Amino acid sequence: MITLKNVVKKYNDNTVLNIDQLTFSQGEITGIVGNNGAGKTTLFSAILDLIQLSVGQIENNQISVSQSEDWKKFTSSYLDEKFLIDYLTPDEYFNLVGSLKGYSSKEVQEFIKGFSDFFNGELENKRKYIRSLSKGNQQKIGVIAALIGNPQIILLDEPFSNLDPTSQYRLRQIIKDFQQKNNCTFLISSHDLNHVAEACSRIVILEKGKVVDDVKTSEETMMRLENYFAI
Amino acid sequence: MSHIISSLNRKSFYRSTYWKKSIGIKILVVFFVFYLSISLLILGFNIPAILQEYFPGQNVIKAFNENLLFYFIFSAILRQLFQEIPIVNSLPLLVLPFKKRKIAQHLVNKSFFHIINFLPLLFLVPFAFNTVLEEYELINTLGWLINLVGLILVNHLVGIWLKRFSFYKEKTSAIILGLGIGLFLLSFFKIIPLSSWIAQYFHAVLNYPALSLAPFFLIILLYRFNLNEIARGMYLDSKLIPAEKEVNIHSFSWTDKFGAIGKYISLELKMITRNKRTRTAFLSVIFLLFYGFILYGNSSMANHDFSLVFIGILITGSFSISYGQFTPAWHSKYFPFLMTRDFGLKNMLNTQYFLFMASTLIAFIFSTVYLIYGTEVLFFNFLSAIFNIGVTSHIILWMGSFSIKPIDLSESSFFYYKGTGASVWIMSLIIMLGPMLYYGLLSMLLKDVWCYLVFGLTGVGGIVFHESIMNRILLRYKKNKHRMLYSYRQST
């Protein structure tokens with residue numbers, strides 16, 4: 001679905017992303033791991049055409065992301081709170097996202113109801129703007145909003161951060177279930193090796209902008225990850 | 001210990017984003033301050049002449065003393081708008097080994113250094129030494145001046161105490177405003193002769209200068225009171241720190257009637273009504289609407305075609321010019337969201353244009369009140385409205401694609417330097433420069449009626465070619481997308 005070819009991003013002389021060839025195919029849940037500054041967010045921003053590449057090309061479903069905007073129709077993402085319109089209430093935000101995909105607010109509400117466990121009842125009937133909610137609840141709203149409208153590709157940057165332990169496990173399950181049901185592609189970056197090893201079918205390790213490892217998840221994956229990151 | 005706090009204060013001053021402003025805006029602000037100071041100094045020397053004109057036959061000093069009440073009411077209201085005591089900034093200090101009273105003391109001490117406390121001296125000192133000294137001894141004059149300074153500081157301390165309430169009670173400002181107007185009316189119509197009581201007090205000070213120490217006892221009391229109050233409230237859950245409660249949600253569902261762009265209109269209206277920053281920006285729109293009463297009343301301006309067009313464009317374009325000039329920047333905080341969703345930049349721009357058009361029409365309808373200044377005014381406003389819809393609106397949208405400064409919607413202050421403030425007026429002038437130059441050129445080349453006709457037809461032309469102009473603008477936005485994303489990421 002997503003193909004990166006010869007992708008380089010430089011800020012001045014500092015290369016932050018340098019990937020020769022990388023493909024994410026349909027139906028995969030890929031975990032992107034790496035320490036701070038490894039280029040995870042830069043990679044996501046590049047796929048979403050939020051930054052311009054210095055060299056190279058990224059194709060999303062055979063569409064070059066910098067040439068056409070058609071990929072927006074089937075791609076959803078939540079990178080950080082800059083993806084939330086914080087003066088809306090959660091419901092208004094969900095409805096807006098849904099309406100951009102051509103869904104009525106009734107359909108959207110029906111969809112959101114399926115995640116009431118995840119929200120733990122904290123958003124129900126709340127007349128509050130997103131800006132006055134806690135970081136964790138904001139994160140939940142952003143992640144769930146990214147699932148609205150039957151997207152084929154979903155990019156989530158650090159979806160487990162800011163969440164309480166129970167919500168982290170629930171989110172892990174939500175991602176797996178959603179993938180099974182819709183056969184869509186997930187790209188997830190995380191610092192939490194445990195969740196990544198558990199939820200993802202493939203793991204890509206980035207270091208200083210380069211892919212240093214790319215494996216299918218198996219029994220030994222967790223060991224391999226721990227070996228890599230332990231000092 | 002206090003030198004650590006002072007050094008933090010100094011750093012926060014020198015490192016504030018204000019100094020990162022472009023040199024042009026700095027010069028302009030300096031120029032404004034300089035201009036204001038000179039005006040006040042000149043005012044100080046001219047007060048006797050002015051007072052004599054308005055209160056003929058009265059003693060100048062007595063007349064001055066009688067009007068002091070109005071000054072204090074006015075400045076008390078201004079203080080509620082301008083002054084703040086930023087307790088939030090001192091929160092990181094709370095967990096460090098500082099005494100709360102010490103932190104409070106620094107906050108209050110720092111608050112004294114506010115321009116609003118120094119400006120009055122510019123006209124009080126010349127008045128004291130130029131006029132009061134003529135009638136009274138030096139010691140009496142000094143006493144009078146010290147007494148005034150004392151009362152200014154009392155006003156200051158009461159002001160910052162009240163202001164802290166308005167953090168969580170927006171009504172306080174309204175109450176103070178009402179109280180001020182009430183007091184003003186009561187004494188203006190001599191129902192309660194408050195102003196003459198104040199005048200009598202100042203007269204007494206002039207005769208017995210020792211009385212001027214009285215305000216300072218009050219200052220000490222208020223100072224200690226403020227320290228205690230601030231120190232007592234230094235908790236995260238105290239009401240000094242603003243927190244948002246449950247809100248009234250108006251969904252603007254009537255915008256559904258506008259079809260495809262309906263949801264964008266409703267988003268825009270929600271943004272305007274739900275953020276402090278946009279609400280205050282909206283006030284300048286209303287100010288511009290009423291600006292006509294000042295300008296048309298001024299006969300030297302109201303007689304020129306050129307200035308009539310200027311005023312017409314300003315009034316009918318009040319929304320597009322003062323609010324629209326920040327067009328994509330209002331959405332800067334969640335710009336990545338807009339750019340990754342199938343949001344349709346085109347729809348967004350069309351919404352803006354729709355709002356510009358609607359606001360121009362509304363402003364034009366409003367401007368019919370200016371019929372009291374003659375039918376000519378209405379004609380020029382009509383002409384300007386057409387020109388605004390056809391040309392100015394497109395110019396503003398086009399300029400928006402060069403936007404580089406993000407706007408923090410939660411920033412609330414009136415006349416804030418960042419974003420809005422001085423630069424708004426510069427931008428407004430730049431926006432209006434094109435249309436004004438164009439009209440000037442037309443009026444030089446063509447006779448009256450032809451000039452109006454060509455000017456109006458240019459506007460109509462803009463409306464006719466709206467689609468293709470918008471496509472051009474859209475291309476610009478697409479081209480500048482990454483630059484906008486990059487600069488909006490900075491500093492917020």
Side-chain angles (χ1 to χ4, degrees), chain A residues 11 41 44-53 60 65-93 95-102 105 125-133 142 145-146 148-149 151 153-155 157, chain B residues 242-253 255-256 260-264 266-279 330-348 406 408-410 474 477-486 488-489 492:
Chain A
Y11 287 110
T41 308
F44 281 8
S45 305
I47 293 172
L48 294 169
D49 194 38
L50 290 174
I51 53 173
Q52 266 173 317
L53 294 174
N60 185 343
V65 291
S66 56
Q67 299 301 318
S68 157
E69 292 182 66
D70 290 341
W71 53 269
K72 291 181 184 174
K73 290 193 169 57
F74 52 83
T75 311
S76 285
S77 52
Y78 181 72
L79 302 198
D80 55 22
E81 69 281 354
K82 290 212 169 82
F83 283 65
L84 295 171
I85 302 183
D86 63 3
Y87 54 81
L88 298 181
T89 63
D91 278 343
E92 285 173 339
Y93 179 70
N95 289 342
L96 175 71
V97 172
S99 74
L100 294 174
K101 298 257 182 190
S105 49
N125 306 320
K126 269 233 171 124
R127 293 152 70 82
K128 267 194 172 183
Y129 298 142
I130 293 176
R131 64 175 174 227
S132 41
L133 298 173
I148 293 175
I153 297 170
I154 300 148
L155 288 85
D157 194 6
Chain B
E244 214 161 29
K245 312 235 168 46
E246 295 224 323
V247 282
N248 238 338
I249 289 147
H250 185 73
S251 58
F252 297 100
S253 46
T255 50
D256 291 345
I261 63 168
K263 58 173 176 268
Y264 302 93
S266 111
L267 184 69
E268 198 82 17
L269 293 176
K270 279 172 191 161
M271 181 181 72
I272 295 173
T273 50
R274 293 180 183 183
N275 291 293
K276 270 197 170 173
R277 182 58 178 278
T278 40
R279 280 200 299 259
W330 289 122
H331 302 285
S332 59
K333 199 170 174 192
Y334 47 90
F335 210 60
F337 171 80
L338 302 185
M339 291 299 112
T340 53
R341 287 287 172 177
D342 194 16
F343 197 81
L345 202 54
K346 196 174 180 184
N347 276 333
M348 191 178 122
D408 185 356
L409 290 169
S410 58
L474 193 66
Y477 274 79
K478 282 188 175 154
K479 224 173 163 182
N480 285 353
K481 167 182 151 184
H482 292 102
R483 209 181 41 80
M484 278 150 93
L485 276 164
Y486 176 75
Y488 288 162
R489 254 204 316 275
T492 41

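Here the structure is a predicted model, which is why all the values come from computation and not from measurement. Within every chain, numbering begins at 1; the chains are lettered A, B, ... in the order of the sequence lines, protein sequences first and strands thereafter.
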Check: Taking atom NZ of A:K101 as the centre, does the number of heavy atoms from other residues, nucleotides or ligands within less than 6.0 Å exceed 12?
Finding: yes

Next item on the list: Give a yes or no on whether the ring-centroid distance for B:F337 and A:Y93 is below 6.0 angstrom.
Entry: yes

Item checked: Proximal component of A:L84, with respect to chain B [non-hydrogen, under 4.5 Å] -> backbone

Next item on the list: Tell me, yes or no, whether the heavy-atom count around A:Y11 atom OH, taken from other residues, nucleotides or ligands under 6.0 Å, exceeds 12.
Entry: yes

Margin query: Would you compute the distance between atom OG1 of B:T340 and atom CG of A:L155 and round it to the nearest 0.5 angstrom?
Written below: 9.5 Å

Next item on the list: Would you give the length of the straight line joining atom CG of A:N95 to atom NZ of B:K263, rounded to the nearest 0.5 angstrom?
Entry: 11.0 Å

Note to self: Measuring from atom CG of A:L88 to atom CZ of B:R274, what distance do you get when rounded to the nearest 0.5 angstrom?
What the structure shows: 6.0 Å

Check: Between OH of A:Y87 and CD1 of B:I272, what distance do you get to the nearest 0.5 Å?
Finding: 9.0 Å

Note to self: Which atoms of A:V97 are under 4.5 Å from chain B, going by heavy atoms: the side chain, the backbone, both sets, or neither?
What the structure shows: side chain

Item checked: Side-chain heavy atoms of B:K270 within contact of A:L96, under 4.5 Å -> no

Checklist line | Shortest non-hydrogen separation from B:R489 to A:L50 and the atoms involved | finding: NH1-O, 4.4 Å

Margin query: Nearest 0.5 Å, please: how far is CG in A:D86 from CE in B:M271?
Written below: 11.5 Å

Check: Counting distance only, does the side-chain N/O of A:K72 pair as donor-acceptor with the main-chain N or O of B:M339 below 3.5 Å?
Finding: yes

Note to self: Within the 4.5 Å heavy-atom criterion, are B:K333 and A:E81 side-chain neighbours or not?
What the structure shows: no

Check: Rounded to the nearest 0.5 Å, how far does CD of A:Q52 lie from CG of B:L485?
Finding: 9.5 Å

Note to self: Does this structure show an ion pair linking B:K481 with A:E69, if we count only N-O contacts that are shorter than 4.0 Å?
What the structure shows: no

Item checked: A:L100 to B:R341 - nearest heavy-atom pair and separation -> CD1-CB, 4.0 Å

